[in-house]
Amino acid sequence: MRRIDLKKVSVARSDTIRNINRQIVLNFVRERAPISRAEIAQETALQRSTISLIVDELKARGLIEEFEGESTGGRPPTLLRLRAAAAVAIGVDLSTRNTVVATSDLAGRVLEQEEFVTDPNPTKTLNKIIECARMLIKKGIDIEGIGISLPGLVDTETGNALFIPRFNWRDWAVAEEMKVATGLPVRVDNDANAMALAELWFGRPEVREVRDFIMILVEEGLGTGIVFDGQVYHGAVGAAGEFGHMIIGTNAPMACASGSRECWEAFASERAALARYANLCGSLDGRSALTFAQIMDRALSGETVARTALLETAHFLGIGISNWIEGQTREAVIVGSQIARAWPLIAKDLKNAVEENSICRGLPSANIIASSLGAHPRLMGALSLVLASKFASMGPA
Ligand SMILES: [Zn+2]
């Protein structure tokens, strides 16, 4: 497999790399403004001249602006910041609980958002999405497209949802219906794939410089996305990322969406952690009234039972990851969604489980890190379905 090491590449050798370099600079300005060109050069592997070219181009496109900082004795520094920009994309994060419809600018800043409980009836949910989208479109005349993230199997070519297990939706022509209702181009992908794309374009610099990684989305279920040489790998009908149901043991604390007590999802999803917590508390029906977020809060504030439930779940996440990276040369594994918030607590147990279960013990392994997409990673995924292609179509810097 061809590898691209940005640290060694001083001249962008393809449009893809050029686009990524541009995104790295834009992300630095978005996250760290006010920041100077020299500071960006210090923190990235990019040449000073490359950064200057990109900054000039981003200025010309009206995305960033330069201003004079305060002097600390000598000449005042010239600093960069984002310009207040117009909405260009609508992202729809349809999850098993809520649906969020939001606008963002080209830099991925969320400008406005609407949220409602996802209705188990796809027509009702779609009608609400259309209603929200139309309202947002009225406010932003430059909306260029809609990206939709779905918790299930998606055919990205047709934009059809093939199967959404949680609601048992099948063969839903969501992209087509959305396109007809709004008149805008629509892109749809599985949530883990969309998050992998967002991580590639909007993640931390150390994530963005990795070209091969696996995204593991821990939610009610367990999703996976694969990035191969800087591209999200879809495989046959988008099913490449569906490895949440691989067998990793027996007697899981609960049954997965398909009824198995042996698969990764049954051991390592949010619902598995909830089931463990309920079991440890001696709840008779094996369920807990708490949400996963509440269990994490309790674990983070030191409650022993919550910690145990979370750490056991992290252990089985690690076992699944070790199966994943066995025999594959992946540079990184990114663990995403709510659980990323508890990373300081769970990272050690998770990594120990990977190490203990690895055949290649002691050899350099993939870097296992938490997602850096913030509080709404799936929404960033949905938005990046529009923003990444918009950015990629800008042409050479
Ligand atoms: Zn399963």
Side-chain angles (χ1 to χ4, degrees), residues 16 18-35 40 43-44 54-55 57-59 61-65 80-95 100-115 133 136-137 139-140 142-149 184-189 191-210 213 215 217 225 227 230 232 334 336-337 340 370-394 397:
T16 308
R18 242 188 309 253
N19 291 330
I20 288 167
N21 289 347
R22 184 159 47 201
Q23 192 66 34
I24 288 171
V25 173
L26 186 60
N27 280 322
F28 259 97
V29 177
R30 185 184 63 190
E31 290 157 13
R32 303 274 299 279
I35 188 168
I40 297 173
E43 298 206 30
T44 64
I54 294 172
V55 164
E57 189 219 22
L58 293 172
K59 266 170 65 187
R61 291 177 192 275
L63 284 168
I64 62 177
E65 62 190 7
L80 300 163
R81 66 185 168 206
L82 287 184
R83 286 189 60 186
V88 296
I90 288 179
V92 179
D93 161 29
L94 193 161
S95 84
V100 179
V101 184
T103 50
S104 88
D105 62 15
L106 187 54
R109 279 185 303 189
V110 172
L111 302 173
E112 273 193 86
Q113 71 175 65
E114 301 285 332
E115 186 168 354
L136 294 169
I137 290 165
K139 295 181 186 174
D142 292 326
I143 304 280
E144 299 192 17
I146 299 175
I148 304 176
S149 150
L184 289 170
V186 180
R187 294 171 70 108
V188 187
D189 208 336
D191 49 11
N193 284 341
M195 262 177 69
L197 184 69
E199 205 63 70
L200 201 55
W201 287 86
F202 299 103
R204 281 191 305 241
E206 61 265 40
V207 175
R208 290 191 290 261
E209 293 188 12
V210 171
F213 65 82
M215 175 89 226
L217 175 56
V227 168
V232 177
I334 304 175
S337 206
S371 166
S372 60
L373 293 175
H376 304 288
R378 289 187 316 262
L379 179 61
M380 286 307 291
L383 288 164
S384 70
L385 293 173
V386 180
L387 299 177
S389 63
K390 164 79 180 147
F391 230 88
S393 67
M394 270 188 177

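FYI, the numbering just counts along the sequence from 1. The basis for the numbers below is simple: all heavy atoms, side chains too, and nothing from hydrogens, waters or symmetry mates.
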- Query: Within a strict 4.5 Å, meaning less than it, do heavy atoms of the Val92 and Val100 side chains meet?
  - Reply: no

- Contacts of type side-chain contact (heavy atoms from CB on, under 4.5 Å), residue Leu111, not counting sequence neighbours: Ala87, Thr103, Asp105

- Task: Kindly determine whether Phe213 and Glu199 satisfy side-chain contact (heavy atoms from CB on, under 4.5 Å), including the steps that lead there.
- Result: CA-CA 10 Å; Phe213 65 82; Glu199 205 63 70; 4.1 Å; yes

- Could you tell me whether the side chain of Leu26 reaches within less than 4.5 Å of the side chain of Leu58, counting heavy atoms only? yes

- Message: Restricting to non-hydrogen atoms, name the atom on Ser371 and the atom on Gly336 that form the minimum distance, rounded to 0.1 Å.
- Response: CB-CA, 3.6 Å

- Between Ile90 and Val386, which heavy-atom pair has the shortest distance, and what is it? O-CG2, 4.2 Å

- Note on the structure: The reported gap from CD1 in Ile334 to CG in Leu373 (rounded to nearest 0.5 angstrom) is 8.0 Å

- Task: Kindly compute the distance separating CG (Leu136) from CD (Glu114), expressed to the nearest 0.5 Å.
- Result: 6.0 Å

- Going through the distances and angles, do Leu197 and Asp189 end up as a side-chain contact (heavy atoms from CB on, under 4.5 Å)? CA-CA 10 Å; Leu197 184 69; Asp189 208 336; over 6 Å; no

- Task: Go through the steps for Ile64 and Val55 under the test side-chain contact (heavy atoms from CB on, under 4.5 Å), then give the verdict.
- Result: CA-CA 8 Å; Ile64 62 177; Val55 164; 4.1 Å; yes

- Are side-chain heavy atoms of Ile40 and Ile35 found at a separation under 4.5 Å? yes

- Message: Just so I know, are the side chains of Lys59 and Arg83 near enough to count as touching, which here means a heavy-atom distance under 4.5 Å?
- Response: no

- Query: Are Ser104 and Arg109 side-chain neighbours, meaning at least one heavy-atom pair lies under 4.5 Å?
  - Reply: no

- Ion pair Glu57/Arg22, N-O distance below 4.0 Å: yes

- Residue set satisfying side-chain hydrogen bond (donor to acceptor under 3.5 Å, both in side chains) with Ser337, at least two apart, ordered chain then number -> Glu219

- Task: Check step by step if side-chain contact (heavy atoms from CB on, under 4.5 Å) holds for Leu383 and Val110.
- Result: CA-CA 9 Å; Leu383 288 164; Val110 172; 4.0 Å; yes

- Query: Would Glu112 and Lys139 count as a salt bridge (Lys or Arg N to Asp or Glu O under 4.0 Å) if you check the C-alpha gap in whole Å, the side-chain angles of each, and the deciding distance to 0.1 Å?
  - Reply: CA-CA 10 Å; Glu112 273 193 86; Lys139 295 181 186 174; 2.8 Å; yes

- Note on the structure: Smallest heavy-atom separation, Ser149 atom then Ala194 atom, equals CB-CB, 4.3 Å

- Does the side chain of Val232 come within less than 4.5 Å of Met215's, by heavy atoms? no

- Message: What's the separation between atom CG in Asn193 and atom CG in Leu385, rounded to the nearest 0.5 Å?
- Response: 9.0 Å

- Item | Heavy-atom side-chain proximity of Leu80 to Phe28 below 4.5 angstrom | no

- Query: Taking all atoms of both residues into account, what is the closest heavy-atom pair of Phe202 and Ser384, and its distance?
  - Reply: CE1-CB, 3.7 Å

- Query: Quick one: NE2 on His376 to CG on Asp93, what's the gap to the nearest 0.5 Å?
  - Reply: 9.5 Å

- Task: Taking the side chain as every heavy atom from C-beta outward, state whether Met195 and Arg378 have any pair of such atoms under 4.5 Å apart.
- Result: yes

